[in-house]
Amino acid sequence: MDEHLLSGPERDVAADAGHEQAPPRVGFFTDTSVCIGCKACEVACKEWNAVPADGLSLSGMSYDNTQGLGASSWRHVAFIEQPPAAPAPPSPPAADGRTELPLLDGAAPPRPATDPTGTPTELRWLMSSDVCKHCTHAACLDVCPTGSLFRTEFGTVVVQEDICNGCGYCVPACPYGVIEQRPDDGRAFKCTLCYDRLGAGQEPACAKACPTESIQFGPLDELRERAALRVEQLHDAGVGQARLYGHDPEDGVGGDGAFFLLLDEPEVYGLPPDPVVTTRDLPAMWKHAGAAALSLIGGAVLSFALPALDRRRGRR
């Protein structure tokens with residue numbers, strides 16, 4: 001394994017960060033198909049981590065009053081209202097001029113929740129508890145100049161608020177737009193996956209509080225296996241749009257430590273469809289910068305050397 005791997009699969013992130021004999025990497029699997037939008041995870045997160053209030057302002061678009069992840073919202077339950085598809089046009093008249101009406105005796109099969117393209121045929125709510133992804137390749141950690149962001153022995157990414165200098169480099173580096181600075185002091189905050197609880201052998205507060213086990217916590221490899229079985233179960237039940245997001249170690253961030261089962265496209269949930277770690281191209285950029293610097297130095301040397309040679313030839 002490369003010493004400073006910035007992209008691609010990485011088998012042991014804790015060992016790469018210098019942790020010897022680290023425990024198995026842990027994370028979250030969020031099954032949105034059983035999320036009921038109760039916001040118990042948001043409340044538990046705020047209470048345990050003493051996260052300050054972030055206001056109460058309805059967006060006018062849904063029942064969501066948090067609206068997104070931020071420095072004071074480490075968990076965010078999204079409410080996505082999907083209206084039904086436009087009704088089909090009435091059947092053409094029969095040969096005798098009479099229009100056929102649907103039967104009311106129950107003989108007709110019930111209308112499915114989605115059509116063959118996956119478009120809902122009746123109103124449905126999609127609910128999902130979003131959180132920091134604790135990426136395998138965390139750009140926020142790579143760009144932090146003070147070491148405030150660090151990789152724990154559990155493979156998670158944590159901000160040390162007493163070391164953060166408020167530079168804000170981590171904010172644009174995150175491909176998910178998770179981390180944010182608090183306006184009162186400028187320091188950055190995000191989910192720590194309850195690092196203090198993990199050290200005491202406990203599960204994170206949000207997973208502990210979830211009443212439907214939509215948020216599942218455990219070793220990441222086990223969660224991935226469990227998630228794959230859950231997708232197969234939903235497909236067998238006719239939920240063809242069920243898919244996993246952030247589980248693949250071959251993706252642009254090397255796989256997420258917090259991944260999701262979605263019932264629609266990632267964009268519907270406000271997630272990027274193909275996230276890429278923003279520091280992936282740093283080695284190539286430094287090579288290009290080095291080549292450009294050498295070219296400038298070479299040009300400067302030639303600009304002085306050529307006139308000197310001309311003068312020497314003139315003296316002869």
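Excluded from the calculations below are hydrogen atoms, water molecules and symmetry mates; all remaining heavy atoms, backbone and side chain alike, are included. Index from 1, following the sequence.
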Looking at [X] and [Y], what are the two nearest heavy atoms and their distance?
{"X": "Phe260", "Y": "Ser128", "result": "CD2-OG, 4.2 Å"}
{"X": "His137", "Y": "Arg151", "result": "N-NH2, 4.3 Å"}
{"X": "Pro275", "Y": "Pro175", "result": "CB-CB, 4.4 Å"}
{"X": "Pro211", "Y": "Ile36", "result": "CG-CD1, 4.2 Å"}
{"X": "Val13", "Y": "Gly155", "result": "CG2-CA, 3.7 Å"}
{"X": "Thr146", "Y": "Cys164", "result": "OG1-CA, 4.4 Å"}

**Q.** side-chain hydrogen bond (donor to acceptor under 3.5 Å, both in side chains) pairs, two or more places apart, involving residues 163-179
**A.**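 Only Tyr176-Asp256 qualify under side-chain hydrogen bond (donor to acceptor under 3.5 Å, both in side chains).
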(Q) Treating His134 as the side-chain partner and Val157 as the backbone partner, does any N or O pair qualify as donor plus acceptor under 3.5 Å? (A)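 Yes, because the side chain of His134 sits within donor-acceptor range (under 3.5 Å) of the backbone of Val157.
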(Q) Checking Lys133 against Val253 for the side-chain contact (heavy atoms from CB on, under 4.5 Å) test, could you report, in this order, the C-alpha distance in whole Å, the side-chain angles of both residues, the deciding distance, and whether it holds? (A) CA-CA 10 Å; Lys133 313 306 181 290; Val253 296; over 6 Å; no
Q. Do we see a donor-acceptor contact under 3.5 Å between the side chains of Asp196 and Gln202?
A.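 Note: Asp196 and Gln202 side chains miss the donor-acceptor criterion.
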Q: Kindly indicate, with the supporting measurements, whether the criterion side-chain contact (heavy atoms from CB on, under 4.5 Å) is fulfilled by Thr30 and Cys35.
A: CA-CA 9 Å; Thr30 301; Cys35 178; over 6 Å; no
So [Y] and [X], do their side chains get closer than 4.5 Å, heavy atoms only?
{"X": "Leu271", "Y": "Asp130", "answer": "yes"}
{"X": "Ser72", "Y": "Pro52", "answer": "yes"}
{"X": "Trp74", "Y": "Leu69", "answer": "no"}
{"X": "Cys206", "Y": "Val131", "answer": "no"}
{"X": "Trp125", "Y": "Ile80", "answer": "no"}
{"X": "Thr32", "Y": "Met127", "answer": "no"}
{"X": "Leu126", "Y": "Arg124", "answer": "yes"}
{"X": "Gln181", "Y": "Val171", "answer": "yes"}

Q. Do Ile163 and Phe150 pass the side-chain contact (heavy atoms from CB on, under 4.5 Å) test, and can you show the C-alpha distance, the side-chain angles, and the key distance before you say yes or no?
A. CA-CA 11 Å; Ile163 301 178; Phe150 74 101; over 6 Å; no
Using the rule that two of Ile, Leu, Val, Met, Phe, Trp, Tyr join whenever any of their side-chain heavy atoms come within less than 4.5 Å, decide whether [X] and [Y] are in one cluster.
{"X": "Tyr269", "Y": "Leu244", "answer": "yes"}
{"X": "Leu234", "Y": "Val268", "answer": "yes"}
{"X": "Phe28", "Y": "Val51", "answer": "no"}
{"X": "Val143", "Y": "Val159", "answer": "no"}
{"X": "Leu141", "Y": "Val178", "answer": "no"}

Q: Please say whether the positively charged group of Arg224, taken as NZ for Lys or CZ for Arg, lies over the ring of Phe29, i.e. under 6.0 angstrom from the six-membered ring centre and within 45 degrees of the axis.
A: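 Verdict for Phe29: no cation-pi partner in Arg224.
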(Q) A quick test of your reading: do over 12 heavy atoms of other residues, nucleotides or ligands sit less than 6.0 Å from CD of Glu20? (A)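 Counting neighbours around CD of Glu20, 12 or fewer heavy atoms of other residues, nucleotides or ligands fall under 6.0 Å, so no.
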Q. Listed by chain and number, what are the salt bridge (Lys or Arg N to Asp or Glu O under 4.0 Å) partners of Asp185, not counting sequence neighbours?
A.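 Residues passing salt bridge (Lys or Arg N to Asp or Glu O under 4.0 Å) with Asp185: Arg187.
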Q. Should Glu265 and Arg243 count as an ion pair when the cut-off is N to O under 4.0 Å?
A.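 Answer for the salt bridge query: yes.
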Q: Test Arg25 against every option in Thr136, Thr156, Leu223 by the side-chain contact (heavy atoms from CB on, under 4.5 Å) rule and name the one that passes.
A: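 Exactly one pass, corresponding to Thr136.
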Q) Between Arg75 and Ile215, does a side-chain contact (heavy atoms from CB on, under 4.5 Å) hold up when you go through it step by step? A) CA-CA 11 Å; Arg75 270 278 177 188; Ile215 303 172; 3.4 Å; yes
